[in-house]
Amino acid sequence: MPATGQAELLKVRQGKCDSLRQSGADPYPYKYAPDHKATALHEKYKDLENGTETTDQVCVAGRIMAMRNNGMFLDLQDSSGKIQLFCHKDSTPAGELAKLDYLDIGDIIGGEGTIRRTPRGELSIRAVKIQMLSKSMRPLPEKYHGLSDIEARYRQRYVDLIMNEESRNTLRTRSRIIALIRNYMNDMGALEVETPILNSIMGGASAKPFVTHHNALDTDFYLRVSPELYLKRLIVGGLADDVYEIGRLFRNEGISPKHNPEFTAIEGYHVYKDYHDMMDLVENLVQTIVLDIHGSLKIPYGDYEIDYSSPWKRQSMLSLVEEESKIDFMTLKTADEARTAARDLGIFVDPKASWGQVVETVFDALVEPKLIQPTHVMDHPLDISPLAKVHRENPRLVERFETFINCWEIANAFSELNDPAVQRERFNAQVAARNAGDEEAQMLDEDYVVALEYGLPPTGGWGMGIDRLVMLVTNSSNIRDVICFPTLKPKKNPDQ
RNA sequence: GACCGCUUAGCUCAGCCGGUAGAGCAACUGACUUUUAAUCAGUAGGCCGUGGGUUCAAAUCCCACAGCGGUCACCA
């Protein structure tokens, strides 16, 4: 079998690895004790003049990203940044210089020496000792263009992360955003909880589920599409006045730049609060995050500048629809009238669509594409919101809002429906829709109704998609950029 | 799910009016030795995504399939 180009490259590195072993060194030693990170050194010596030598001894470790002048200059990359290692025959012992023969770009090495700044201004370590910490067997992508193949970046995220600082920064910012959310919630005294991911009844959202099977119980389970019904059970139980959960949700739907089958959301529930309070909460939380990450409430996304300053626009869905369509759907009493009005606007609606579904369809078509700046869209039709409490002033509506930024829904919240009899009716309507072929209609959760019968206090609840928020804050155009390992179709012949 | 596009060396890309497969980086051999995408000389490295078809001849034209991307549909 003829060796491919890649096989030859691997063979060369294997040869160096073997030689290193024969020289008595371990290509994969157990530990190392660097005392400085690259960026800390740049900070500490930022005032060191060009051409200055010091006697300050430091020890660093990192991956070799570049070798210049036959290894005289090694660029080491650690988790903080890069630092140059300088190996010169005048100052580096011959035995150490000999080790350069075993090195390749991509190897992880440790280096000790003294700090200096070259005459041309590069902070460097004049090496007196170098040590292999992990021999790399595969060539890294080209130093200048890096790894740009989109598929390779997601399939081999580790290579993407080695090569692309932007990818590292985005995922680090994601982590920081989640920490900020957690801090915010904990600071208000909310209790973080965990509820089942394996659900025997799908509930809390309209979505198509993943199904899995438990062998010992011989039972199918749905991967949760929302933790909502469990979290409200905890409120019923009085576990805490404020509970929240940050976790993965799973929806068996299409994949797009804004949709990953598994995504991360937060949901929170707060006793004795209503949806107006939730609007304040969402607005304040998002501002806290944007301000922490950017130091400003006006930040760019794509071609726009998004202004997160208060107050965010708060307007009812019906009046937004009326502004764009010139139709006051509130005056249309039946689904039939609504469907006709939508068709007159040139908007396709399902012939079985209810009044509320028509309003929602018209909203999606005419209003949503215009909601660039943060907007709380309020007071949705009742029949598309089976878990929300009826509006205190209008029986056709519920007390619900969705927050839109950059035309994306990033939050959804309501005054929670806590009348058990009404909840049962709403569930029954969903079941009827489901039986009529609506795959995304919700299922009857009898136990949840029982929980309501024990008494759910007046409660405000909200949920927010964290991935999309991270996209907004990191100016990422694809949800995959903010997920470490986005869902990809497996390759039939995985070759690397 | 529908439509459009992409797939060539480890990486980034040329080549696509059909006529023996190219460059830069990485690698290897050597030179040089305070570089910054180091430089210079040389060497090696390819099932041109997979499978069919047209043709004397296919990386190139046609069809199917796969993966990926974009747009739309569904959704957060």
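Convention: sequence-line order gives letters A, B, ...; per-chain numbering from 1. Values below: every heavy atom of this structure, side chains too, minus hydrogens, waters and symmetry copies.
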Base, sugar-phosphate, or nothing: which does A:G463 touch, judged by heavy atoms less than 4.0 Å apart? nothing
Winner on side-chain proximity to A:S148, out of B:rU36, B:rU34, B:rU12, is B:rU12
Per the under-4.0 Å heavy-atom filter, residues of residues 108-118 of chain A near RNA chain B come out as A:R116, A:T118
* Rounded distance in Å between the P positions of B:rU34 and B:rA21 -> 44 Å
Numerically ordered, the residues 246-254 of chain A set in heavy-atom contact under 4.0 Å with RNA chain B is A:R251, A:E253, A:G254
message = Please check this pair: side chain of A:R13 against backbone of A:L103, looking for a donor-acceptor N/O pair closer than 3.5 Å.
response = no
Problem set entry | Between B:rC13 and B:rU55 - P atom distance, rounded Å | 37 Å
Checklist entry - Within the distance-only criterion (no hydrogens, no angle test), does the side chain of A:N164 pair as donor or acceptor with the backbone N or O of A:L147 below 3.5 angstrom? => result yes
What residues 346-365 of chain A contributes to the RNA chain B interface at heavy-atom separation below 4.0 Å is none
Output yes when at least one side-chain N/O atom of A:N50 is less than 4.0 Å from OP1 or OP2 of B:rU34, else no. no
message = Given 3.5 Å as the limit, does a donor-acceptor pair link the side chain of A:S354 with the main chain of A:Q357, or not?
response = yes
Q) How far, in whole Å, is B:rC11 from B:rG46 if one measures between their C1' atoms? A) 14 Å
Taking only the C1' atom of each, what is the distance from B:rC6 to B:rC65 in whole angstrom? 16 Å
For B:rU71, the nucleotide meeting Watson-Crick or G-U wobble distances (both under 3.5 Å) is B:rA2
*Is any NZ, NE, NH1 or NH2 atom of the basic residue among A:E151 and A:K489 found under 4.0 Å from an Asp or Glu carboxylate oxygen of the other?*
no
Under 30°, 30 to 60°, or over 60°: which ring-plane class applies to A:F427 and A:Y448, parallel, tilted or perpendicular?
perpendicular
- Less than 6.0 Å separating the ring centroids of A:F86 and A:F73? yes
Taken in chain and number order and not counting sequence neighbours, the residues that satisfy side chain to side chain donor-acceptor pair (under 3.5 Å) with A:R182 are A:E192
Can a donor-acceptor pair be found, under 3.5 Å and without considering hydrogens, that links the side chain of A:D107 to the backbone of A:D104? yes
Rounded to whole Å, the CD1-C1' distance (A:I479 to B:rC68) equals 18 Å
Rounded to whole Å, the CD1-P distance (A:I64 to B:rU36) equals 19 Å
A:N260 atom CG is separated from B:rC74 atom C1', nearest whole Å, by 16 Å
**Report entry** Worked check of ring pair (Phe, Tyr, Trp, His ring centres under 6.0 Å) between A:F363 and A:F329
**Finding:** CA-CA 11 Å; A:F363 173 86; A:F329 276 81; over 10 Å; no
Heavy-atom nearest nucleotide on RNA chain B taken for A:N478 and for A:A207; more 5' hit belongs to A:N478
Any strand, both distances under 3.5 Å, Watson-Crick or G-U wobble: B:rC28 pairs with B:rG42
Expected list for residues 71-92 of chain A near RNA chain B, using heavy atoms below 4.0 Å, is A:M72, A:F73, A:Q84, A:F86, A:H88
In Watson-Crick or G-U wobble terms, with both distances under 3.5 Å, the base opposite B:rC47 is none
| task | Could you work out the separation of B:rC47 and B:rC40 based on their C1' atoms and round it to a whole Å? | result | 36 Å
Atom CD1 of A:I162 and atom C1' of B:rG10 are separated, to the nearest Å, by 13 Å
Between A:E416 and A:R400, is the closest basic N to carboxylate O distance under 4.0 Å? no
Atom CD1 of A:I255 and atom P of B:rU71 are separated, to the nearest Å, by 15 Å
Taking only N/O atoms, report every protein-nucleotides 23-27 of chain B pair under 3.5 Å with atom names and distance.
unit_1: B:rG24; atom_1: N2; unit_2: A:E142; atom_2: OE1; d: 3.3
unit_1: B:rC25; atom_1: O3'; unit_2: A:K143; atom_2: NZ; d: 3.1
unit_1: B:rA26; atom_1: OP1; unit_2: A:K143; atom_2: NZ; d: 2.9

ask   = Base, sugar-phosphate, or nothing for A:E409, non-hydrogen atoms under 4.0 angstrom?
value = sugar-phosphate
When both distances are under 3.5 Å in a Watson-Crick or G-U wobble arrangement, the nucleotide paired with B:rC56 is B:rG19
Practice problem: Give a yes or no on whether the backbone of A:E49 and the side-chain of A:T52 come within a donor-acceptor separation of less than 3.5 Å. | Solution: yes
Judged by nearest nucleotide, the residue sitting upstream toward the 5' end of RNA chain B, A:R155 or A:E122, is A:E122
Would A:K129 and A:E96 pass as an ion pair if we require N to O under 4.0 Å?
no
Quick check on the 6.0 Å ring-centre criterion: do A:W408 and A:Y301 meet it?
yes
Requested in this report: Describe the nucleic acid contact of A:D149 in one word from base, sugar-phosphate, nothing, applying a heavy-atom distance below 4.0 Å.
Outcome: sugar-phosphate
Taken to the nearest whole Å, CD/A:E368 to C1'/B:rA76 is 10 Å
task = Answer yes when A:E43 and A:K46 have at least one side-chain N-carboxylate O distance shorter than 4.0 Å, and no when they do not.
result = yes
If pairing means Watson-Crick or G-U wobble with both distances under 3.5 Å, then the partner of B:rU7 is B:rA66
Given the C1' atoms of B:rC61 and B:rC56, what is the spacing between them in whole Å?
16 Å
If we count only N and O atoms by modelled type, under 3.5 Å, do the side chains of A:S226 and A:E267 hold a donor and an acceptor together?
yes
Mind checking the C1' distance from B:rG1 to B:rA9? Whole angstroms is fine. 37 Å
- prompt: Between the side chains of A:H376 and A:E402, is a donor N or O closer than 3.5 angstrom to an acceptor N or O?
  reply: no
Are the ring of A:F263 and the base ring of B:rA76 both nearer than 5.5 Å at their centres and tilted by less than 30°? yes
Expected output: side-chain A:D149 to main-chain A:A152 donor-acceptor under 3.5 Å:
yes
* Using the C1' atom as the reference point in each nucleotide, state the distance between B:rU60 and B:rU8 in Å, no decimals. => 11 Å
So does A:I162 get a backbone contact from the side chain of A:R168, meaning a donor-acceptor N/O pair under 3.5 Å?
yes
To the nearest angstrom, the CG-C1' distance between A:D101 and B:rU29 comes to 13 Å
So that I can tick it off, tell me whether A:E53 and A:R116 are bridged by a salt bridge, with the cut-off set at under 4.0 angstrom between side-chain N and carboxylate O. yes
When rounded to whole Å, the NZ to P distance for the pair A:K11 and B:rG45 reads 12 Å
